[in-house]
Student: 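One structure coming up, written as C-alpha cells, with questions to follow.
For clarity, every value in this text was computed on a predicted model and none was experimentally measured.
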Amino acid sequence: MNEAPLLQVQDLSVEHRGPRGQVLALERVSFALEAGAVLSIAGESGAGKSTLVRALLGLVAAKAGRVEFRPAPGRAYDLTSARGATLRAARRQIGFVPQDPGASLNPRLRAIDAVAEVLVAHGLASGEAATERALASLAEAGLERRHAVAWPHELSGGERQRVALARALVAGPPLLVCDEVLSALDPLAAQALLARMTELVRSRRLALLFVTHDLRAARSLGGELAILHRGQLVERGPVERLLDDPRHVASRALVDAHRKLSGPG
C-alpha cells in the first residue's frame, strides 16, 4: 500500500474581501507533496502565491477544501480546521522562511536567541541545550559564531535570511516552506543562499515548497514546478519539461516574459 503524501491540498479555495465584495484569491487548488520532494510555485503578481502559503500555514481561512499534513506515520492534521494547540503542534513541524527576514526577526534578540526561542516556545529544549542546538542550526545555514551574537541590524540581508533559515530548521521539521526568499537579495547573496538551501534540503531529505518569481531558481532546485494563474493551478510538471515546453497559455506567457528579462533558461 502506498504511503500518503506529506502534504495533500484538495480543492482549496480562499476568498478575500475586495472593494466590490468577496473575490476568490484561490480557486479549487489541488496538489500533493511527497516527503523529500521539491515543488516550486510560480505565477504572475496577484496569482495567489502568498495566499496559498498563508492558507497552508493556517493564517487565512479557507472557503472550501482541505489541507492535510502528515508529518509522521499515524499523525495527520487538517490545517484548514486545526486551531489552538493542534495548529501549534502542526506548525512546529513546518519550517517557514518569509520574504522579509528583517520584519520577522525581533530587533531585541541576537541571532542565536532568535533561533533558540523556537525550541523554547515549543518545549523542545531550554538553556544551554537550546543554545547549542541554535548554534548548530546557524552553522548549517552558513553562519559563523560572530554572526550568532549579532543583532539583526548588524547583519546583511543575506545573513538575516540565513538566520531565518536556521530558525525554520532548528526544530527538525519534515517540510520547509519558502516565500520569495531570494527576491530582496542581490544576485550573489541569492545564489549563495539557494546553494546552501539546496544542500540542506538534500542532506536532511526535506520536502520543499518554494514560492518564487525566479524561474532560474526553480530550475536549479529541480523537482517539479506548478504555475498559478488568477488563483488557479493551471499546470504542473517536472521543472525542466515545463520551462522548456510550457503547455498552458499562462505558463507560456510567464516563461516568455522571464526569457525576455533574463535570457534563455
Side-chain angles (χ1 to χ4, degrees), residues 3-9 31-41 50 52-60 67-80 82-99 101 104-106 111-126 129-143 160-182 193-194 196-212 221 223-224:
E3 236 179 79
L6 177 69
L7 184 70
Q8 179 82 54
V9 179
F31 63 87
L33 183 62
E34 307 291 339
V38 174
L39 175 62
S40 295
I41 305 280
S50 292
L52 174 61
V53 169
R54 291 174 63 78
L56 295 181
L57 296 174
L59 298 175
V60 296
V67 178
E68 191 168 85
F69 176 49
R70 295 178 176 269
R75 187 180 304 165
Y77 300 94
D78 178 4
L79 299 179
T80 54
R83 299 289 184 272
T86 301
L87 182 58
R88 287 194 295 274
R91 283 181 182 163
R92 180 179 67 79
Q93 298 170 89
I94 302 175
F96 174 56
V97 186
Q99 180 176 355
S104 67
L105 296 177
N106 187 335
I112 190 168
D113 298 317
V115 178
E117 76 167 351
V118 175
L119 298 170
V120 175
H122 290 295
L124 298 175
S126 61
T131 298
E132 288 303 314
R133 285 179 63 176
L135 275 173
S137 191
L138 286 164
E140 271 196 301
L143 294 172
R160 286 195 295 270
Q161 201 59 287
R162 287 173 186 261
V163 175
L165 177 61
R167 275 175 57 92
L169 296 180
V170 70
L175 173 62
L176 180 63
V177 178
C178 297
D179 186 12
E180 296 279 17
V181 296
L182 307 178
L193 180 66
L194 184 64
R196 177 66 61 159
M197 189 177 299
T198 301
E199 181 183 332
L200 284 171
V201 165
R202 289 173 182 165
S203 65
R204 288 192 177 210
R205 202 174 174 269
L206 287 166
L208 173 63
L209 188 73
F210 189 78
V211 173
T212 185
L221 285 168
E224 290 197 306

Student: Any chance you could lay out the side-chain contact (heavy atoms from CB on, under 4.5 Å) test for H122 and V170, step after step, and finish with the verdict?
Tutor: CA-CA 11 Å; H122 290 295; V170 70; over 6 Å; no

Student: Which heavy atom of L124 sits nearest a heavy atom of A171, and at what distance?
Tutor: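 So the minimum-distance heavy-atom pair works out to CD1-CB, 3.7 Å.
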
Student: Mind running side-chain contact (heavy atoms from CB on, under 4.5 Å) on L56 and I94 for me, showing each step along the way?
Tutor: CA-CA 10 Å; L56 295 181; I94 302 175; over 6 Å; no

Student: To the nearest 0.5 angstrom, please state how far the CZ atom of F69 sits from the CG atom of L6.
Tutor: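 Nearest 0.5 Å value for the CZ-CG distance: 5.0 Å.
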
Student: If I take atom CG from residue L39 and atom CD from residue E34, how far apart are they, to the nearest 0.5 angstrom?
Tutor: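 CD of E34 is found 11.0 Å from CG of L39.
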
Student: Can you name the nearest heavy-atom pair linking A168 to V97, along with the distance?
Tutor: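 What the structure gives for the nearest pair is CB-CG2, 3.7 Å.
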
Student: Restricting to side chain to side chain donor-acceptor pair (under 3.5 Å), what partner residues turn up for D78, sequence neighbours left out?
Tutor: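 Applying side chain to side chain donor-acceptor pair (under 3.5 Å) to D78 gives R66, T80, S81.
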
Student: Nearest 0.5 Å, what's the CG-CE distance between L221 and M197?
Tutor: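 L221 CG to M197 CE: 8.0 Å, rounded to 0.5 Å.
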
Student: For residues L87 and Y77, determine if any side-chain heavy atom of one lies less than 4.5 Å from a side-chain heavy atom of the other.
Tutor: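 Result no, sub-4.5 Å side-chain heavy-atom pair not found.
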
Student: Residues in side-chain contact (heavy atoms from CB on, under 4.5 Å) with E180, at least two apart?
Tutor: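 Listed in chain order: K49, Q99, S183, V211, T212, H213.
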
Student: Might you point out which heavy atoms bring L79 and A90 nearest each other, and give the distance in Å?
Tutor: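 Smallest heavy-atom distance, with atoms named: CD2-CB, 3.6 Å.
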
Student: With sequence neighbours left out, what residues match R92 under side chain to side chain donor-acceptor pair (under 3.5 Å)?
Tutor: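 In terms of side chain to side chain donor-acceptor pair (under 3.5 Å), with neighbours along the sequence ignored, R92 is linked to no residue.
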
Student: Measure across V181 and Q161 and return the closest heavy-atom pair with its distance rounded to 0.1 Å.
Tutor: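 So the minimum-distance heavy-atom pair works out to O-NE2, 3.0 Å.
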
Student: Side-chain contact, heavy-atom cut-off 4.5 Å: L169 with E140?
Tutor: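 Answer no - side chains too far apart.
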
Student: Would you compute the distance between atom CG of D113 and atom CG of L105 and round it to the nearest 0.5 angstrom?
Tutor: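 Answer rounded to 0.5 Å: 12.0 Å.
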
Student: Please enumerate all residues that pass salt bridge (Lys or Arg N to Asp or Glu O under 4.0 Å) together with R70, with sequence neighbours excluded.
Tutor: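 R70 satisfies salt bridge (Lys or Arg N to Asp or Glu O under 4.0 Å) with E68 only.
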
Student: Please find the pair of heavy atoms, one from V115 and one from S137, that lie closest to each other, and give the distance.
Tutor: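 Closest approach of V115 to S137: CG1-CB, 4.3 Å.
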
Student: How many angstroms lie between atom CD1 of I112 and atom CG of L143, to the nearest 0.5 angstrom?
Tutor: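 It comes to 11.5 Å.
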
Student: Only counting residues at least two apart or in another chain, list the ones meeting side chain to side chain donor-acceptor pair (under 3.5 Å) with R162.
Tutor: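 By the side chain to side chain donor-acceptor pair (under 3.5 Å) rule, R162 matches no residue at all.
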
Student: Any non-hydrogen side-chain atom of V118 less than 4.5 Å from a side-chain atom of R133?
Tutor: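 Side-chain contact under 4.5 Å: no.
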
Student: Among L57, L52, L7, which residue satisfies the side chain to side chain contact (heavy atoms under 4.5 Å, CB included) criterion with V67?
Tutor: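 The option that passes is L7.
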
Student: Can you sort out the partners of R88 under side-chain contact (heavy atoms from CB on, under 4.5 Å), two or more places apart, ordered by chain and number?
Tutor: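 By the side-chain contact (heavy atoms from CB on, under 4.5 Å) rule, R88 matches A85.
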
Student: Side chains of L165 and L200, heavy atoms from C-beta outward: is any pair under 4.5 Å?
Tutor: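 Heavy-atom side-chain distance check passes, below 4.5 Å.
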
Student: Please enumerate all residues that pass side chain to side chain donor-acceptor pair (under 3.5 Å) together with E117, with sequence neighbours excluded.
Tutor: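 Partners of E117 under the side chain to side chain donor-acceptor pair (under 3.5 Å) test: R167.
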
Student: How long is the straight-line distance from CZ of R75 back to CD of Q93, given to the nearest 0.5 Å?
Tutor: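 Nearest 0.5 Å value for the CD-CZ distance: 5.5 Å.
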
Student: Is the side chain of T198 donor-acceptor paired with the backbone N or O of L194 at a distance under 3.5 Å, no angle test?
Tutor: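 It does hold such a pair.
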
Student: Taking only residues two or more places apart in sequence, or in another chain, which ones meet A130 in a side-chain contact (heavy atoms from CB on, under 4.5 Å)?
Tutor: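 Scan of A130 (side-chain contact (heavy atoms from CB on, under 4.5 Å), adjacent residues dropped) gives A116, L119, V120, A125.
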
Student: Going by the rule side-chain contact (heavy atoms from CB on, under 4.5 Å), which residues pair with P98 if we only count those two or more places apart in sequence or in a different chain?
Tutor: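 Scan of P98 (side-chain contact (heavy atoms from CB on, under 4.5 Å), adjacent residues dropped) gives F96, S104, A164.
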
